[in-house]
Amino acid sequence: MASSRNLSRFWEWGRKIICVGRNYAEHPKELKNEVPTEPVLFLKSPSAYVREGAPILLPYYTNNLHHEVELGVVIGKGGTNIPQSNAMDHVEGYALCLDMTARDIQDQCKKKGLPWTLAKAFNTSCPVSDFIPKETIQDPHNVKIWLKVNDNLRQEGHTSSMIFSIPFLISYISRIITLEEGDLILTGTPKGVAAVQENDEMVAGIDDIISMKFQVKKQTQ
Ligand SMILES: O=C([O-])CC(=O)C(=O)O
Ligand SMILES: [Mg+2]
């Protein structure tokens, strides 16, 4: 569905980043978390966006920054209580995303029953690729997402393994949080998450449709 404004630079709109956790069964298993029966949701701040050419900054309070490669869905037409049957009409396109996660902080938050904000929503925690128009990906549940660190393959997953489909997620989320033009939904990561260090180089892609490269840098105070 065509939007009234150009979404090709959706990250400049300052809209919501809604993240789905544990959406590939193998990932909660590797972290010894339960495989969910309902989507796990959390948010990132729009200041989490970072684009190729700028570094991903290691937050000063973590010793275990993890990469999570994910397919992002860019919302073109907003809505509340969107039925699954026409959920895909609300999609403008896609983006490859990383859900950078301070895993040590997330573990502490889980133990204390605290929210994940420090672990998930810090500045530069959401690197994004160029916008991918909807027509470029015929079936978003039939692509491979992958990530290499310093040329070593760390993550490779097929979106057919998602527990909750994109139409289901759009419908589910929109009953809780109204979706707006320019919002981004991160659909969860496959297995293989692991730590990155200062100066590591990450290259990630969706099949051979798109790829992006980011370097990790220490935050300078
Ligand atoms: O941090 C986690 O384990 C949850 C998450 O974001 C994911 O599964 O993509
Ligand atoms: Mg994630």
Side-chain angles (χ1 to χ4, degrees), residues 11 16-50 56 58-59 61-75 94-129 140-141 143-149 154-166 168-170 172-173 176-177 183-196 202 204-206 212 214 216:
W11 53 88
K16 299 183 291 298
I17 305 171
I18 303 158
C19 307
V20 179
R22 305 177 184 170
N23 200 25
Y24 291 74
E26 304 263 295
H27 171 60
K29 282 185 194 156
E30 75 181 341
L31 294 185
K32 310 218 171 351
N33 289 314
E34 275 175 31
V35 175
T37 51
E38 270 204 45
V40 173
L41 301 183
F42 58 92
L43 296 170
K44 284 184 190 282
S45 152
S47 70
Y49 278 128
V50 60
I56 296 170
L58 273 162
Y61 50 78
T62 182
N63 292 310
N64 195 13
L65 181 66
H66 274 198
H67 52 74
E68 295 189 356
V69 69
E70 310 200 2
L71 178 67
V73 177
V74 180
I75 298 297
Y94 305 94
L96 180 63
C97 308
L98 302 184
D99 169 16
M100 297 306 296
T101 303
R103 193 70 70 199
D104 46 354
I105 307 302
Q106 187 192 32
D107 289 344
Q108 289 171 20
C109 294
K110 283 183 199 162
K111 280 197 195 106
K112 295 180 187 165
L114 292 174
W116 292 356
T117 309
L118 265 70
K120 290 285 197 180
F122 53 88
N123 292 342
T124 76
S125 61
C126 191
V128 286
S129 72
H141 303 99
V143 289
K144 197 172 67 185
I145 51 177
W146 54 269
L147 177 137
K148 292 178 183 179
V149 179
R154 291 268 192 92
Q155 290 192 268
E156 192 174 40
H158 204 270
T159 54
S160 59
S161 310
M162 283 186 199
I163 298 170
F164 302 108
S165 70
I166 293 167
F168 180 90
L169 291 171
I170 289 172
Y172 180 89
I173 293 167
I176 305 164
I177 304 170
D183 283 350
L184 176 70
I185 300 173
L186 266 61
T187 55
T189 196
K191 69 175 190 295
V193 302
V196 285
M202 289 188 278
I206 302 175
M212 62 182 187
F214 283 91
V216 181

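Counting from 1, the numbers follow the sequence of the chain as shown. Just so you know, these numbers come straight off a predicted model, no measurement behind them. One-based numbering, in listed order, for ligands and for the atoms of each.
Judged purely by distance below 3.5 Å, without hydrogens or angles, the side chains of T189 and Q155 pair a donor atom with an acceptor atom.
Listed by chain and number, residues touching ligand 1 at under 4.0 Å (heavy atoms only) are V20, G21, R22, H27, L31, F42, E68, E70, D99, R103, Q106, K120, G188, T189.
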Worksheet item: Stepwise, does the side chain to side chain contact (heavy atoms under 4.5 Å, CB included) test hold for L184 with L186?
Response: CA-CA 7 Å; L184 176 70; L186 266 61; 3.4 Å; yes

Fill in: Residue pair V73, L169: steps toward the side chain to side chain contact (heavy atoms under 4.5 Å, CB included) verdict
CA-CA 10 Å; V73 177; L169 291 171; over 6 Å; no

Worksheet entry | Check against side chain to side chain contact (heavy atoms under 4.5 Å, CB included), D99 and K44 | CA-CA 9 Å; D99 169 16; K44 284 184 190 282; 2.7 Å; yes

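Closer than 2.8 Å to the Mg ion (ligand 2) sit the protein N, O or S atoms E68 OE1, E70 OE2, D99 OD2.
For the side-chain hydrogen bond (donor to acceptor under 3.5 Å, both in side chains) with D104, the qualifying choice from N64, N63, T62 is T62, the only one to do so.
Heavy atoms only, all atoms of each residue included: F164 and P39 are closest at CE1-N, 3.6 Å. Across all non-hydrogen atoms, the minimal contact from I17 to S45 is CD1-O, 3.5 Å.
Remark: E68 engages R103, K120 in a salt bridge (charged side-chain N to carboxylate O under 4.0 Å, His left out) (not counting sequence neighbours). The salt bridge (charged side-chain N to carboxylate O under 4.0 Å, His left out) test applied to K16 returns E180, D183, not counting sequence neighbours.
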